[in-house]
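Here the structure comes first, spelled out in structure tokens, and everything after it is commentary.
Side chains are part of it too, since the values below use all heavy atoms of this structure and drop only hydrogens, waters and symmetry mates. Numbers here are sequence positions counted from 1.
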Amino acid sequence: MQHEYYKEYYDLERQHWWFVAREKIISNYIKKLISQKKLQKQDLKILNVGCGTGRSSEYLATFGHVVSIEYDQFCCEFASEKTGLEIINGSITELPFADNSFDLVCAFDVIEHVEDDQLAVSEMNRVARDNGILFITVPAFMNLWSHHDVINHHFRRYKLEQVEKLFKKLGTGEKIFSSYFNFFLFPPIFAFRSLSNLLKSGKKRSGSGSDFEAFKPGLLNSFLQSIMLFESKFINSNIKLPFGVSILYTWKKDK
């Protein structure tokens with residue numbers, strides 16, 4: 001990302017409807033994993049890869065001890081200063097941890113930034129303990145590609161079967177659950193991005209030019225957040241949504 005975007009991102013991660021809804025969807029799902037005893041509730045050791053400005057590490061800390069890692073050195077320094085978190089500067093393709101170190105390994109909207117996404121997933125699996133869980137989210141569908149993806153330095157957006165393939169190549173282990181999400185808002189987001197691409201309006205926006213700048217927190221913030229968050233009920237009931245702006249995927253590492 002551009003450095004000025006991190007300063008915008010800090011506020012967005014804590015206020016914007018998409019980030020707040022995603023945070024609650026993720027947190028609710030982790031609570032479900034704990035209630036089903038797929039994760040032990042006490043003393044979880046959690047790795048948060050690509051922690052950005054630190055908000056995801058803050059809410060993951062309610063479930064255990066979190067180790068945070070971020071690739072961009074400027075972001076590490078900025079987030080550490082703003083949050084007081086200890087953040088390691090490192091890469092998902094070469095994680096500086098021993099094998100079998102963590103109960104839960106998270107990468108929320110991270111692997112789309114990595115050219116070798118297979119290596120990224122393999123490294124996550126390597127540092128997970130036996131019976132540990134890998135938890136990722138990624139953006140979905142290349143027909144949603146826009147200036148937003150360009151300024152975020154994405155390599156790709158995914159279909160669910162592409163994510164499935166990444167994990168199946170690990171050899172051992174099993175999928176816990178996978179689904180698209182941000183389903184109900186997909187039509188207006190698709191229309192907005194299609195029009196933005198046609199008019200090239202992303203390049204004309206103030207700030208970084210991301211889609212988040214077009215929908216800043218305001219009167220619609222709570223309404224849009226509620227629509228997206230409603231999908232947590234489907235996800236926690238193991239109901240797969242047929243499409244969406246993003247994908248959620250969880251995988252259990254075998255012994």
Exercise. Under 6.0 Å between the ring centres of Phe186 and Tyr180?
Worked result: no
Exercise. Under the 4.5 Å side-chain heavy-atom rule for ILVMFWY, direct or indirect, which residues accompany Met142?
Worked result: Trp145, Val150
Exercise. Would you say the side-chain atoms of Arg193 pair up with the backbone N or O of Leu144, donor to acceptor, closer than 3.5 Å?
Worked result: yes
For this session: Please report the closest heavy-atom contact between Gly54 and Ala79, naming both atoms and the distance.
Result: N-CB, 4.4 Å
Seminar exercise, completed: Tested for side chain to side chain contact (heavy atoms under 4.5 Å, CB included) against Asp117, the lone hit among Arg156, Gln162, Glu112 is Arg156
Problem set entry | Between SG on residue Cys51 and CG on residue Leu60, distance to nearest 0.5 Å | 10.0 Å
Could you go through residues 24-31 and list every donor-acceptor pair under 3.5 Å that involves a side-chain atom there, pairing it with any protein atom two or more places apart or in another chain?
{"residue": "Ser27", "atom": "OG", "partner": "Glu23", "partner atom": "O", "Å": "3.0"}
{"residue": "Asn28", "atom": "ND2", "partner": "Lys24", "partner atom": "O", "Å": "3.2"}
{"residue": "Asn28", "atom": "ND2", "partner": "Ser232", "partner atom": "OG", "Å": "3.1"}
{"residue": "Tyr29", "atom": "OH", "partner": "Thr250", "partner atom": "OG1", "Å": "3.3"}

Exercise. Checking Arg157 side chain against Val245 main chain: does a donor-acceptor pair fall under 3.5 Å?
Worked result: yes
For this session: Step through the shown structure and confirm whether more than 12 heavy atoms of other residues, nucleotides or ligands are within 6.0 Å of NZ on Lys240.
Result: yes
Exercise. Quick check: does any side chain N or O of Asp72 sit under 3.5 Å from a backbone N or O of Phe74, one acting as donor and the other as acceptor?
Worked result: yes
Problem set entry | Least distance between heavy atoms, Glu231 atom then Phe184 atom | OE2-N, 3.1 Å
Exercise. Does the gap between the ring centers of Tyr59 and Phe63 come in under 6.0 Å?
Worked result: no
For this session: Can you measure from CD1 (Ile136) to CD1 (Ile92) and round to the nearest 0.5 angstrom?
Result: 8.5 Å
For this session: Please name the pair of heavy atoms, one in Ser179 and one in Leu241, separated by the smallest distance, quoted to 0.1 Å.
Result: OG-N, 2.9 Å
Problem set entry | Shortest non-hydrogen contact from Pro242 toward Phe183 | CG-CE1, 3.6 Å
Exercise. Between atom OH of Tyr6 and atom CG of Leu12, what is the distance when rounded to the nearest 0.5 Å?
Worked result: 13.5 Å
For this session: Look up atom CZ in Phe167 and atom CG in Asn125, then write down how far apart they are to the nearest 0.5 Å.
Result: 8.0 Å
Exercise. In this structure, are over 12 heavy atoms from other groups packed under 6.0 Å from Lys159 atom NZ?
Worked result: no
Problem set entry | Derivation and outcome, side chain to side chain contact (heavy atoms under 4.5 Å, CB included), residues Ile176 and Leu33 | CA-CA 10 Å; Ile176 299 174; Leu33 293 174; 4.2 Å; yes
For this session: Give the intermediate values and the outcome of side chain to side chain contact (heavy atoms under 4.5 Å, CB included) for residues Lys38 and Lys32.
Result: CA-CA 9 Å; Lys38 289 184 170 67; Lys32 178 190 173 181; over 6 Å; no
Exercise. Atom CZ of Phe78 and atom OG1 of Thr83: how far apart are they, to the nearest 0.5 Å?
Worked result: 9.5 Å
Exercise. Counting only heavy atoms not in Lys175, do more than 12 sit closer than 6.0 Å to its NZ atom?
Worked result: yes
Problem set entry | Residues Asn182 and Ser246: side-chain donor-acceptor under 3.5 angstrom | no
Problem set entry | Side-chain donor/acceptor of Gln225 to backbone N/O of Ala21, under 3.5 Å | no
Exercise. For the hydrophobic clusters of this structure (ILVMFWY residues joined by side-chain heavy atoms under 4.5 Å, transitively), does one cluster hold both Phe230 and Trp17?
Worked result: yes
For this session: Please find out if less than 6.0 Å separates the ring center of Phe19 from that of Tyr9.
Result: yes
For this session: Check whether any side-chain N or O of Asn221 sits under 3.5 Å from a backbone N or O of Gln15 as a donor-acceptor pair, and report yes or no.
Result: yes
Exercise. Are Tyr71 and Val49 connected in the hydrophobic side-chain network, where two residues link if heavy atoms are under 4.5 Å apart?
Worked result: no
List, one per line, each side-chain donor-acceptor pair under 3.5 Å for residues 93-100, sequence neighbours excluded.
{"residue": "Thr93", "atom": "OG1", "partner": "Ser91", "partner atom": "OG", "Å": "2.8"}
{"residue": "Asp99", "atom": "OD1", "partner": "Arg126", "partner atom": "NH1", "Å": "2.7"}
{"residue": "Asn100", "atom": "OD1", "partner": "Lys253", "partner atom": "NZ", "Å": "2.9"}

Exercise. Is it true that a side-chain atom of Gln73 and a backbone atom of Asn89 form a donor plus acceptor pair closer than 3.5 Å?
Worked result: no
Seminar exercise, completed: In short, Cys76 meets Ile87 closest at the heavy-atom pair SG-CG2, 3.8 Å
For this session: Could you check Leu47 against Met124 for side chain to side chain contact (heavy atoms under 4.5 Å, CB included), going step by step and ending with a plain yes or no?
Result: CA-CA 9 Å; Leu47 177 63; Met124 291 178 68; over 6 Å; no
Exercise. Under 3.5 Å, is there a donor-acceptor pair between the side chain of Thr137 and the main chain of Ile247?
Worked result: no
Problem set entry | Within 6.0 Å of CD in Glu81, more than 12 heavy atoms from elsewhere | no
Exercise. Can you name the nearest heavy-atom pair linking Gly52 to Cys75, along with the distance?
Worked result: O-SG, 3.2 Å
For this session: Give, for atom CD of Glu77 and atom CD of Glu70, the distance between the pair rounded to the nearest 0.5 Å.
Result: 11.5 Å
